[in-house]
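Letters A, B, ... are given to chains in the order of the sequence lines, protein chains preceding strands, and every chain is numbered from 1.
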Protein chains: 2
Amino acid sequence: MRVLGIDPGTAITGYGVVEEVKGDLKSLAFGVIRTPASQPLPVRLQSIYRAVRELATEWEPAAAAVEELFFSSNVRTAMSVGQARGVALLALADAGLTVAEYTPLTVKQAVTGYGNADKAQMQEMVRLLLGLAEVPRPDDAADALAVAICHLHSARLTGLSDSSLPPHRGKGWGWESK
Amino acid sequence: MRVLGIDPGTAITGYGVVEEVKGDLKSLAFGVIRTPASQPLPVRLQSIYRAVRELATEWEPAAAAVEELFFSSNVRTAMSVGQARGVALLALADAGLTVAEYTPLTVKQAVTGYGNADKAQMQEMVRLLLGLAEVPRPDDAADALAVAICHLHSARLTGLSDSSLPPHRGKGWGWESK
């Protein structure tokens with residue numbers, strides 16, 4: 001099973017493609033989509049849409065996973081991330097993919113086994129789980145790989161191994177209207 | 001000159017098409033795009049994208065206008081509006097339209113002449129300016145008409161009467177990265 005993880009942002013959107021074969025996790029690709037602040041916002045959103053669609057076409061994942069974000073502080077940041085997130089979700093849906101959303105806590109628990117891991121521990125676990133020589137950089141790419149791993153973990157826990165995952169299944173799932 | 005105003009939201013997106021001919025304003029169409037909360041978020045975003053593109057195709061506006069939102073309260077709302085807004089901006093850009101963004105204060109000043117108008121005064125002024133028998137309903141449609149009027153007002157003030165408006169021009173303009 002192959003999963004495309006996305007960590008959306010207007011300036012920088014992380015992505016990671018993770019495949020599970022007989023219990024082994026492998027990173028097929030990871031990186032970031034950057035858009036210059038000098039461009040008009042709609043043009044930046046067009047770039048994100050196109051890049052996400054191209055990733056879906058190139059890697060043919062069975063499903064996509066995105067972190068469900070909760071901001072405690074900056075409303076302006078939430079708005080900006082929301083715009084990029086909307087476009088990314090649209091691109092994934094247009095590519096015919098189901099998109100699973102997970103809370104940050106669920107991602108942490110799936111990757112590290114407990115919810116209090118800090119960012120460095122998370123990244124080191126992502127590195128170990130994927131058998132990489134170094135921690136994936138930048139952070140946005142590591143975060144995208146983490147949410148993809150979380151989806152594979154959830155799929156295994158629920159006994160599902162293909163893309164026939166229902167939209168509402170278990171904790172951390174669902175299409176909550178925000 | 002014809003302008004498409006959009007007031008984005010995940011559950012309800014307002015739109016309004018306003019045309020100025022020799023100083024007279026006329027509303028050609030207004031209404032809302034509703035998406036049911038029972039649908040997965042990506043499907044709702046697809047509906048918004050398609051509907052906005054269809055409006056652009058049907059009405060062939062010279063430009064589009066969207067309110068630049070500042071939230072003081074709810075981060076979750078900002079995230080939700082951001083997602084719908086990102087998809088609406090993408091649809092307008094894909095339709096080849098330049099999109100102007102105005103602060104709520106600029107819209108108020110353009111419609112009512114001073115910045116302290118309340119919502120009811122704003123809506124009454126929109127009704128009067130467009131020569132409508134009744135205040136446009138729902139609120140989201142009235143808000144979309146107001147931002148379209150604001151754009152026509154700004155275009156007149158800056159001596160421009162076509163779609164060749166640059167992205168950075170005067171107060172309330174610009175592609176601020178959020």
Side-chain angles (χ1 to χ4, degrees), chain A residues 6 8-13 35-50 52-53 64 66 68-101 166-168 173-178, chain B residues 6 8-13 35-50 52-53 64 66 68-101 166-168 173-178:
Chain A
I6 297 286
T10 301
I12 182 163
T13 287
T35 69
S38 58
Q39 286 183 343
L41 176 61
V43 174
R44 300 174 77 182
L45 296 173
Q46 284 180 312
S47 300
I48 295 166
Y49 178 89
R50 283 186 201 129
V52 172
R53 283 220 58 168
V66 179
E68 190 178 332
L69 291 179
F70 298 100
F71 288 93
S72 54
S73 52
N74 195 324
V75 176
R76 204 159 176 80
T77 305
M79 188 73 165
S80 173
V81 171
Q83 290 175 153
R85 196 171 191 278
V87 165
L89 292 177
L90 179 72
L92 295 168
D94 285 353
L97 294 173
T98 56
V99 189
E101 296 183 69
H168 292 278
W173 283 88
W175 299 107
E176 294 302 318
S177 151
K178 309 236 168 39
Chain B
I6 298 285
T10 300
I12 183 163
T13 288
T35 69
S38 58
Q39 286 184 341
L41 175 60
V43 173
R44 299 173 78 181
L45 296 172
Q46 284 179 313
S47 300
I48 295 166
Y49 178 89
R50 284 187 201 128
V52 172
R53 284 220 58 168
V66 179
E68 189 178 334
L69 292 179
F70 297 99
F71 287 93
S72 54
S73 52
N74 194 325
V75 176
R76 202 159 177 81
T77 306
M79 187 74 166
S80 175
V81 172
Q83 290 176 151
R85 196 173 192 274
V87 165
L89 293 177
L90 178 73
L92 295 169
D94 285 352
L97 295 172
T98 56
V99 189
E101 295 184 71
H168 293 277
W173 282 90
W175 297 109
E176 294 302 319
S177 150
K178 307 236 169 43

| field | Between CZ on residue A:Arg50 and CG on residue B:Leu90, distance to nearest 0.5 Å | value | 8.5 Å
| field | Spacing of A:Met79 atom CE and B:Met79 atom CE [to the nearest 0.5 Å] | value | 11.5 Å
| Distance from B:Leu45 atom CG to A:Arg85 atom CZ, nearest 0.5 Å? | 9.5 Å
| Nearest non-hydrogen partners of A:Val87 and B:Gly86, listed with the distance | CG2-O, 3.5 Å
